[in-house]
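Data first, discussion second: the structure below is written as structure tokens.
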Amino acid sequence: MDPPMRRQVSNIQDFQALPPMSEAPSYYAECYEAFVNACPRPERDRLAYLQRTVPAFLSAAELAAAADDDRGPLRVLSLGTGNGEFDIWFINSLLLLHPGSRPIHYDAVEPSVDQCEEFACRLQENPIPGVFLHQSSFEQFKPTMRYDIVLIAHSLHHLPRGCLSIVLDSYLVPEAWGLIVVLHSSLAGIAGVYRSLGVRGRNSVLLVDELDRLDPQLSCHEMVSVNRWMDVEDCFQEKDGLNLKLLGFCVGKDLRNAEPEVLEKIRKQIATQTMLRKGRRHLWEPDAIAVIYRNLK
């Protein structure tokens, strides 16, 4: 099914005065849970695509050849790891692809102290040799090597605009088969809501915009979207705890003390981005998976 058409709408001036949800971390966690329930991720489809794609670019022959030279382990950088849940799957997948061949050096960069500690706990429970945690922002992290793979899993909106070009030029190995793997929301959805509100911030970032920033003379990319829809019908109900959490997550604001008039204005903006499915309003909120590599032509 095609995504809904985007309609131009006026800005909401009151929106700017609302407190960001990031100022209330525990409440944000509750709102995120409401989002997950409204918009389940098709993990199997996403991981299946990675299982097909990564080996295509890092073939057994290439890794075997690399293992014979003096470059040492397969070097992987992950930017914005969160609690490490996805990264541990990714590492284990790489190890399963090439058991007993090239070891892995894995630099995991995450600015949040709490998320780093949770990642460290996961590694204590299931130790993986060669994983190094760095509590650092993208701007502060100083790599000491070039990497064969750079992973950006649902953290692109936290990184500076144009970061993919920086990674390609400064972080990736100069060899042709080095690659960047990016997972991010690709189109519409919450980013469309932000843009309809006249807000330019991290949640308005689209992967397609960042891919367009890359120089086509220097890089190529492949991208697929894993389709999913976010049921936002509850956002249009009267003010109560659960519905307000979902509405707040859609706009990144703490709405618990918002005036009814402001809530109604926000609902009208969200409504312009929705499509009816089975009698309920939905946002189109697909996951995108992009693989970026150097242009050999």
Side-chain angles (χ1 to χ4, degrees), residues 41-60 62-63 66 73-98 102 104-110 119 128 130-132 134 138 141 143 145-160 162-187 205-216 218-226 286-296:
R41 293 183 182 275
E43 298 289 346
R44 289 179 296 179
D45 292 342
R46 183 172 63 180
L47 299 185
Y49 174 75
L50 281 177
Q51 289 169 337
R52 294 193 307 269
T53 305
V54 172
F57 289 93
L58 294 177
S59 69
E62 287 170 325
L63 285 182
L74 178 70
R75 295 155 298 187
V76 183
L77 171 65
S78 179
L79 296 171
T81 64
N83 62 18
E85 182 178 9
F86 183 84
D87 289 77
I88 289 175
W89 171 87
F90 191 72
I91 297 167
N92 287 329
S93 296
L94 290 174
L95 293 173
L96 289 173
L97 284 173
H98 307 284
R102 194 176 175 189
I104 290 180
H105 176 103
Y106 198 98
D107 282 327
V109 179
E110 169 56 45
F119 197 158
I128 303 176
V131 179
F132 302 91
H134 305 269
F138 175 81
F141 178 67
M145 64 183 73
R146 293 273 190 144
Y147 297 92
D148 304 302
I149 306 174
V150 177
L151 175 66
I152 304 174
H154 293 290
S155 57
L156 184 65
H157 54 294
H158 292 288
L159 304 180
C163 68
L164 296 181
S165 294
I166 297 173
V167 170
L168 189 72
D169 295 339
S170 304
Y171 289 13
L172 210 62
V173 291
E175 288 80 357
W177 59 272
L179 60 89
I180 306 169
V181 179
V182 184
L183 284 78
H184 191 68
S185 295
S186 59
L187 298 166
V205 174
L206 301 179
L207 176 55
V208 289
D209 290 345
E210 292 304 302
L211 293 175
D212 287 343
R213 293 174 183 267
L214 292 168
D215 187 342
L218 301 177
S219 65
C220 300
H221 65 265
E222 296 184 9
M223 185 182 82
V224 297
S225 292
V226 180
D287 271 343
I289 306 164
V291 176
I292 305 160
Y293 51 99
R294 297 186 187 279
N295 191 348
L296 302 182

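Note that these values count all heavy atoms, side chains included, but never hydrogens, waters or copies made by symmetry. Computed from a predicted model, the values in this text were never measured in an experiment. For the single chain, residues carry numbers from 1 onward in sequence order.
- For Ser155 (side chain) and Leu79 (main-chain N/O), a donor-acceptor pair under 3.5 Å exists by modelled atom type.
- In this structure, Trp89 and Phe86 have tilted ring planes: the angle between them lies in the 30° to 60° band.
- Shortest non-hydrogen contact noted between Ser165 and Arg213 is OG-O, 3.8 Å.
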Begin from the C-alpha positions of Val150 and Val76 and carry the test side-chain contact (heavy atoms from CB on, under 4.5 Å) through to its verdict. CA-CA 6 Å; Val150 177; Val76 183; over 6 Å; no
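- Aromatic pair Phe141/His134: centroids less than 6.0 angstrom apart.
- For Tyr147, there are no ring pair (Phe, Tyr, Trp, His ring centres under 6.0 Å) partners at least two apart in sequence or on another chain.
- Of the residues Leu77, Leu159, Thr81, the one that meets the side-chain contact (heavy atoms from CB on, under 4.5 Å) test with Ile152 is Leu159.
- For the atom pair CG of Leu218 and CG of Asp169, the computed distance is 6.5 Å after rounding to the nearest 0.5 Å.
- How far CG of Leu74 is from CD1 of Ile104: 5.5 Å, rounded to the nearest 0.5 Å.
- Taking the side chain as every heavy atom from C-beta outward, Ile88 and Tyr106 never approach each other to under 4.5 Å.
- For the pair Leu214/Ile292, a side-chain contact is recorded, criterion being any heavy-atom separation below 4.5 Å from C-beta on.
- Using a 4.5 Å heavy-atom cutoff, the side chains of Val109 and Phe138 are not in contact.
- Considering NE2 of His221 and CD of Glu210, their distance stands at 12.0 Å, rounded to 0.5 Å.
- Contact check for Ser219 versus Leu168: side-chain heavy atoms found under the 4.5 Å cut-off.
- With rounding to the nearest 0.5 Å, the separation of CG in Asp107 from CZ in Arg75 is 11.0 Å.
- Checked by atom type, the side-chain pair Asp87/Ser78 shows a donor-acceptor distance below 3.5 Å.
- Atom-to-atom distance recorded for Leu172:CG and Leu164:CG is 11.0 Å, nearest 0.5 angstrom.
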